[in-house]
Amino acid sequence: MHTYEQALQAGKQFLLEHDDYLVVSHVQPDGDAVSSTVTMGWLLSCLGKTFTMINEGEIPSRMRFLYHADAIVNMTEQPPERKFKAIICVDCADFARVGLTRQYFEEDAIILNIDHHPTNNGYGSVNIIKSDAAATAEILFELLQLFDITWDKDIATAVYTGLLTDTGGFRYANTSPNVMTVASRLLEHGVDGPYLAQTLLEEVTLPQIRILNKALSSLQMSEDGRVAWVVITPEDMQECGAANEDLEGIVNYTRNIRGVEVGIFFKVINDNAVKASLRSAGKIDVAALAQTFGGGGHVLAAGCRLEGKVEESVEKVLKQVNTQW
């Protein structure tokens, strides 16, 4: 078993020894996924490497100001014309989370897996996994310290974005002393903290308000008040003119109700598939719960995909929650 420091050194060697990288993050990328992708792209540029950044799904509009975020290819719109041998996966809790981008991996691909999810099973040729890191961006900050590179405001802003979003504005339990130390060092490079907080956490669009209203109108609770859930359908999305990025944070409204231990957001994908986002107040390990359905994540925040009608999916998840008390 390698130590974390040894894993960082192995990651450094991986980046120095190869070239022509494909950098991918998870489907429907969030702040940490986008920031980690562009951070890795910046590092590879500093090392004189060639690379392609790709994702299955569109980058959230509020993230497009980040360094070279516009260079991340949405494979559903502009698929690559070839496959790659050297792959860098960032913020992918398991191999399935890379989505359809896997079709651009050579059969004998070598993978650098950088992640902070405790459910990550180490699918890479080289694995840098730190489950107590608040974000993959925190790991990348430490990886970048191994290289003789000069930081600037752009890359500091990218790393700060990953920390800010995955800690809920430095409010979640994963806000460790190291997170605050890293954030302080990034601010010294000129990061505009208040601007990022306003842009990434506070500013909302009209479709966001409309879809939130739809979600809250569907709110249901268990008889004992310990579980709350909401449901959004494709018809709701269309009626509100909402995009996937407008759904971020909705699940927190269910968990934040006083007395609720588990909050769940069910997003209907189609007639036979549902995505469940789960949040815990602390008594239930929702990562373990999500794993029973092939998903994963963190103890307090996880997700999974279920095949079947929404009514069946809700029943299955609630039944599983009840086994955890």
Side-chain angles (χ1 to χ4, degrees), residues 25-33 56-57 60 91-99 117-121 165-166 168 172 208 211-212 214-237 240 242-257 260-325:
S25 63
H26 60 73
V27 297
Q28 297 181 5
D30 58 8
D32 192 24
E56 180 190 341
D91 203 38
C92 295
D94 56 64
F95 188 68
R97 290 291 281 157
V98 305
H117 295 91
T119 54
N120 193 299
N121 62 0
T165 54
D166 256 25
Y172 297 162
Q208 272 183 284
I211 200 67
L212 174 61
K214 280 282 187 184
L216 294 180
S217 68
S218 75
L219 178 67
Q220 296 188 63
M221 298 186 68
S222 60
E223 289 186 7
D224 60 10
R226 292 191 292 181
V227 185
W229 65 95
V230 295
V231 178
I232 286 294
T233 67
E235 292 75 21
D236 294 330
M237 297 288 287
C240 296
N244 280 322
E245 63 183 279
D246 296 319
L247 303 176
E248 190 167 332
I250 287 179
V251 65
N252 294 327
Y253 285 87
T254 59
R255 182 206 55 195
N256 290 343
I257 299 171
V260 168
E261 291 295 336
V262 178
I264 313 167
F265 170 40
F266 294 97
K267 183 199 173 189
V268 180
I269 300 171
N270 55 50
D271 289 342
N272 293 296
V274 177
K275 179 184 177 183
S277 298
L278 305 107
R279 297 293 183 271
S280 171
K283 292 184 178 179
I284 297 290
D285 180 350
V286 290
L289 194 155
Q291 278 187 303
T292 65
F293 299 105
H298 300 281
V299 171
L300 302 181
C304 57
R305 176 186 170 114
L306 301 100
E307 304 302 321
K309 304 289 185 183
V310 62
E311 297 82 6
E312 300 169 353
S313 299
V314 171
E315 184 178 349
K316 287 179 182 177
V317 174
L318 294 180
K319 183 177 180 180
Q320 190 63 33
V321 171
N322 287 331
T323 68
Q324 305 296 309
W325 302 119

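Side chains included, hydrogens not; waters and symmetry mates left out as well; all remaining heavy atoms used. A quick note: this is a predicted structure, and the numbers were derived from the prediction, not measured.
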Closer than 3.5 angstrom, by distance alone: can the side chain of [X] be matched with the main-chain N or O of [Y] as a donor-acceptor pair?
X: Asp94; Y: Gly295; answer: no
X: Ser222; Y: Val227; answer: yes
X: Ser25; Y: Asp91; answer: no
X: Asn322; Y: Lys319; answer: no

Looking only at heavy atoms, what is the nearest atom pair of [X] and [Y], with distance?
X: Thr165; Y: Asp32; result: OG1-N, 3.6 Å
X: Pro29; Y: Glu56; result: CD-O, 4.3 Å
X: Glu245; Y: Pro60; result: OE2-CA, 3.5 Å
X: Gly303; Y: Ala290; result: O-CB, 3.4 Å
X: Val251; Y: Ser277; result: CG2-O, 3.4 Å
X: Asp271; Y: Lys309; result: O-CD, 3.2 Å

> Take atom OH in Tyr253; do more than 12 heavy atoms of anything else shown fall under 6.0 Å from it?
Replying inline: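 Result for OH/Tyr253: open.
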
>> Just checking Glu307: does its CD atom have more than 12 heavy atoms from other residues, nucleotides or ligands closer to it than 6.0 angstrom?
In response: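 Count over threshold, so yes.
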
Could you state the interatomic distance from [atom1] ([X]) to [atom2] ([Y]), rounded to the nearest 0.5 Å?
X: Thr254; Y: Arg279; atom1: OG1; atom2: CZ; result: 8.5 Å
X: Gln320; Y: Leu306; atom1: CD; atom2: CG; result: 10.5 Å
X: Asp246; Y: Cys240; atom1: CG; atom2: SG; result: 9.0 Å
X: Ile211; Y: Asn244; atom1: CD1; atom2: CG; result: 10.0 Å

Test item: [X] and [Y] side chains (from C-beta on) under 4.5 Å apart, heavy atoms:
X: Phe266; Y: Val317; value: yes
X: Cys304; Y: Leu278; value: yes
X: Leu318; Y: Ile264; value: yes
X: Trp325; Y: Ile284; value: yes
X: Ile269; Y: Arg305; value: yes

>> So, using ring pair (Phe, Tyr, Trp, His ring centres under 6.0 Å) as the criterion, who are the partners of His298 when residues are at least two apart?
In response: His116, His117

>> Please enumerate all residues that pass salt bridge (Lys or Arg N to Asp or Glu O under 4.0 Å) together with Arg226, with sequence neighbours excluded.
In response: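 With sequence neighbours excluded, Arg226 shows a salt bridge (Lys or Arg N to Asp or Glu O under 4.0 Å) to Asp224, given in chain and number order.
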
>> Here's a test for you: under side chain to side chain contact (heavy atoms under 4.5 Å, CB included), which of Leu247, Val230, Ile250, Ile232 qualifies with Leu212?
In response: Ile250

